[in-house]
Number of protein chains: 2
Amino acid sequence: MLSNKAKYALRALGYLAGKYPGGPVQIAEIAEQQKIPLKFLETILLELRKADILLSKKGKGGGYTLERDPKQISVASVIRAIDGPISMLPCVSLYFYKKCDDCDETHCSLNRVFTDVRDATIKVLEKKTVRDLI
Amino acid sequence: MLSNKAKYALRALGYLAGKYPGGPVQIAEIAEQQKIPLKFLETILLELRKADILLSKKGKGGGYTLERDPKQISVASVIRAIDGPISMLPCVSLYFYKKCDDCDETHCSLNRVFTDVRDATIKVLEKKTVRDLI
DNA sequence: TAATACTCTACTAATTTGGTAGGATAATAA
DNA sequence: TTATTATCCTACCAAATTAGTAGAGTATTA
């Protein structure tokens, strides 16, 4: 399951995609329009900026904009930035790999099964973009 | 991510599949062979029995056996029994559906995206069985 | 009737989730 | 230069979930 945080992130990005290209949009506007708690959204957008998904501008007339065209931002990258791994097991994760301590991966049947699951899931999530969230 | 509990469940079922068909296998044997905490495994196997995945027999010579042929037990059904939903959003879940309170599903873009993700993931998980976990 | 092995309820500690508070910093404009 | 705007950042907190453990109860068999 996606966390609430990731859901908010995707909703916020969909909103920004709807305004792309265009000037900076303020957190407060996104929070109000998408009904997301303002302070929570602050921390979320900050993370998305650190993940090179958003650009920010401070001061009057400031706000957030997408770092690039909505079609170039995959849903997979957003989930990874907020929730971390997409895979169902650490030992099959591409971006958050972690060795199992109690199995040999070349022979582990769980590893084999969940590698296939990962491939199927990620194939869809890499193809879907923020453009699809408008 | 799968919970530890689900991982243990799958490992235990893989072990039982390796002995199928055959007499009852005791919790203690599974726990030792698969290095799963005994008392934790007790609660897990109980849940799998209640989900009609395992049969149990009490008393001397008792233990657990698969309820049916390993090929007839999907990995999807095991995950659902232990962790619950496989989908990434409650509003696209087939077995654990829950309405979003803040979006109209027929028009919600998140719903559309994660329905496709669900279909891809579940297609694999329904095809994989406990037989693949031996 | 004693031993075996699952059953069940309840409890606990650690981690994660879903936020909030409040001040710091940077940009703009009067 | 100073007020205003809006993001940045650290720290905190409560509730929920996860990962187990404890211990007594029940059914089966020999």
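Given the structure is predicted, the values throughout are model-derived calculations rather than measurements. Below, chain A is the first sequence line, B the second, and so on; all start at residue 1.
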ask   = Listed by chain and number, what are the ring pair (Phe, Tyr, Trp, His ring centres under 6.0 Å) partners of A/Tyr95, not counting sequence neighbours?
value = none

task = Could you tell me whether the side chain of A/Asp132 and the main chain of A/Thr129 form a donor-acceptor pair under 3.5 Å?
result = yes

query = Taking only residues at least two apart or on different chains, which pairs with a member in residues 76-94 of chain A satisfy side chain to side chain donor-acceptor pair (under 3.5 Å)?
reply = A/Ser3-A/Asp83, A/Ser74-A/Ser77, A/Arg80-A/Glu126

Salt bridge (charged side-chain N to carboxylate O under 4.0 Å, His left out) against B/Lys71, all qualifying residues, sequence neighbours excluded = none

ask   = Got a sec, which pairs hit side chain to side chain donor-acceptor pair (under 3.5 Å) with one end in residues 46-56 of chain A, sequence neighbours left out?
value = A/Lys5-A/Glu47

Range on DNA chain D touched by chain B, heavy atoms, distance below 4.0 Å = D/dA19 to D/dT29

key: With sequence neighbours excluded, residues passing ring pair (Phe, Tyr, Trp, His ring centres under 6.0 Å) with A/Tyr8   = A/Phe40

query = side chain to side chain donor-acceptor pair (under 3.5 Å) with A/Lys7: which residues, sequence neighbours excluded?
reply = none

inquiry  = For A/Lys39, give me all partners under side chain to side chain donor-acceptor pair (under 3.5 Å), at least two apart in sequence or on another chain.
reply    = A/Glu42

note = Protein heavy-atom contacts under 4.0 Å, written 5' to 3' over nucleotides 4-19 of chain C as B (base), S (sugar-phosphate only) or - (none), form the string BSBBB---------SB

key: Secondary structure of DNA chain C in dot-bracket form (Watson-Crick or G-U wobble, distances below 3.5 Å, | marking inter-strand pairs)   = ||||||||||||||||||||||||||||||

task = Applying ring pair (Phe, Tyr, Trp, His ring centres under 6.0 Å), name anything that partners B/Tyr15, two or more places apart in sequence or on another chain.
result = none

task = Quick one: list whatever passes salt bridge (charged side-chain N to carboxylate O under 4.0 Å, His left out) with A/Glu67, sequence neighbours left out.
result = none

